[in-house]
Amino acid sequence: MPELPEVNTVRKGFHDTVLNLRIVDVQVHDEKILRNCSGDDFQSVLHERFFQDTYRQGKYFFGDLDDGSSVLFHLGMTGDIAYYNDPEDAPKHERFQFTFENELKLGFNDPRKFARILFLPDRDEYIEEINLGPDALIISATDFREIFKGRNTSLKAVLLNQKLISGLGNLYVDEICYQAKIHPGSRAGAVTTRKSNQIYKLMRSILQYAVDQDAYYKIYPDKWFWKWRDEKAKPPTGEGKIRKAKIAGRTTYWVDGVQKMIS
DNA sequence: TGTGATGTTGAATG
DNA sequence: GCATTCAACATCAC
């Protein structure tokens, strides 16, 4: 599920649902996704605290607590948050659960356990420490252009590199490359300023649209590549042929004859 | 039944 | 430092 728009939707739900509600109970069912503390530690640092604000950079979403510390929710591939009152409604792969003062429960669901949950005394320090790149919706056109310069790797590898720009994942990168009519395997260093600006504009419009739709992909426009990501499908315009290959280690689709390779 | 999947990290290799 | 590839994580869907 989660690239920038999906993570933002989860953040927004969290923001609108649990802010300023005191945590009265924490249950950890599986500590594996807690990456820097034990279940017991997690429980004791959160007990009687409340979330005051949220912050997102790329796919990293933070709940900021009333004492200045934060909890990082990185959803990995299958992380999601459910809210419920009846314990019977707990999601199937719930890894931990908060109960708030109004008896509402937050369940963190994650079938594949790729999520990373960290307790952070100082989130800004953490962001700096891991060298997380600027958010894809915040980076300037000028800085965006810089991330390609001198790089011998593929365009796709650069766009997926969270240390250069954060928030893009496999699906949105393919969508951006399709709409920009550029082959994802193009050499990053060969991207011109003109092309970079075009990619930048499309990236912004695609992400902003998805964010505005709460990442509800079923209502994305028919002309988007999204719905056609399938080797056997006909390209959206009827022109060219859909291809599939591994690029930057990820399954990549593009339309041969429409997306130009630059090298 | 086997395969691959919206992600990240660390290790090993060149 | 840069780039690539691989394994690891655990479950589900086709």
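Proteins come first, then strands; the chains are lettered A, B, ... in the order of their sequence lines, and each starts at number 1.
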Does [X] have a side-chain nitrogen or oxygen under 4.0 Å from the phosphate oxygens OP1 or OP2 of [N]?
X: A:H74; N: B:dT8; answer: yes
X: A:K163; N: B:dT8; answer: no
X: A:N170; N: B:dT6; answer: yes
X: A:K113; N: B:dT8; answer: no
X: A:T78; N: B:dT6; answer: no
X: A:K59; N: B:dT6; answer: no

Rounded interatomic separation in angstrom, taking [atom1] from [X] and [atom2] from [N]:
X: A:Q162; N: B:dT6; atom1: CD; atom2: C1'; answer: 12 Å
X: A:L160; N: C:dT5; atom1: CG; atom2: P; answer: 14 Å
X: A:D174; N: B:dA5; atom1: CG; atom2: C1'; answer: 13 Å
X: A:K246; N: C:dC6; atom1: NZ; atom2: P; answer: 10 Å
X: A:R116; N: B:dT6; atom1: CZ; atom2: P; answer: 19 Å
X: A:K156; N: C:dA3; atom1: NZ; atom2: P; answer: 17 Å
X: A:L72; N: B:dT8; atom1: CG; atom2: C1'; answer: 12 Å
X: A:L164; N: C:dA3; atom1: CG; atom2: P; answer: 9 Å

With sugar-phosphate meaning primed atoms plus P, OP1 and OP2, does [X] contact a base, only sugar-phosphate, or nothing at under 4.0 Å between heavy atoms?
X: A:G169; answer: sugar-phosphate
X: A:K244; answer: nothing
X: A:Y60; answer: sugar-phosphate

Heavy atoms from other residues, nucleotides or ligands near [atom1] of [X] exceed 12 (cutoff 6.0 Å):
X: A:F119; atom1: CZ; answer: yes
X: A:K223; atom1: NZ; answer: no
X: A:Y84; atom1: OH; answer: yes

Euclidean distance for [atom1], [N] against [M] (whole angstrom):
N: C:dT4; M: B:dT6; atom1: C1'; value: 22 Å
N: C:dA7; M: B:dT3; atom1: P; value: 14 Å
N: B:dT1; M: C:dC9; atom1: P; value: 24 Å

| said: Are A:L132 and A:Q162 packed together at the side-chain level, in the sense that at least one heavy-atom pair is separated by less than 4.5 angstrom? | reply: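 Yes, close enough: below the 4.5 Å cut-off.
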| query | Are A:E31 and A:S38 close enough that some pair of their side-chain heavy atoms sits under 4.5 Å apart? | reply |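 Yes, their side chains come closer than 4.5 Å.
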| said: Taking the ring of A:F62 and the ring of A:F73, is the distance between their centroids below 6.0 Å? | reply: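 No, the ring of A:F73 stays outside the 6.0 Å limit from the ring of A:F62, centre to centre.
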| message | Any N or O donor-acceptor pair under 3.5 Å from the base of B:dA5 to the side chain of A:R112? | response |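 For A:R112, whose side chain was compared with the base of B:dA5, there is a donor-acceptor pair (under 3.5 Å).
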Nearest-neighbour nucleotide for the [X] side chain, [options] considered:
X: A:P111; options: C:dA10, C:dA3, C:dT11; answer: C:dT11
X: A:R95; options: C:dC9, C:dT11, B:dT6; answer: C:dT11
X: A:R151; options: B:dT6, C:dC12, C:dA3; answer: C:dA3

| message | Has A:Y83 got a side-chain atom pairing as donor or acceptor with A:F14's backbone, closer than 3.5 angstrom? | response |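 Checking the backbone N and O of A:F14 against the side chain of A:Y83, a donor-acceptor pair under 3.5 Å is found.
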| Is it true that a side-chain atom of A:Q259 and a backbone atom of A:A180 form a donor plus acceptor pair closer than 3.5 Å? |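 A pair under 3.5 Å: no.
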| said: Set out, in order, the CA-CA distance, both residues' side-chain angles and the distance that settles side chain to side chain contact (heavy atoms under 4.5 Å, CB included) for A:E48 and A:I23, then state yes or no. | reply: CA-CA 5 Å; A:E48 294 293 317; A:I23 299 166; over 6 Å; no
| With stacking defined as ring centroids separated by under 5.5 Å and planes differing by under 30°, is A:F114 stacked against C:dC9? |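 It does: the ring sits over the base of C:dC9.
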| task | With DNA chain C as reference, determine whether A:D110 or A:G150 sits nearer its 5' end, using the nearest nucleotide of each. | result |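 In this pair, the answer is A:G150.
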| request: Would you please enumerate the stems DNA chain B participates in, each stem being three or more consecutive Watson-Crick or G-U wobble pairs with both distances under 3.5 Å? | output: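 B:2-5 with C:11-14, B:7-14 with C:2-9 - these are the stems of 3 or more pairs that involve DNA chain B.
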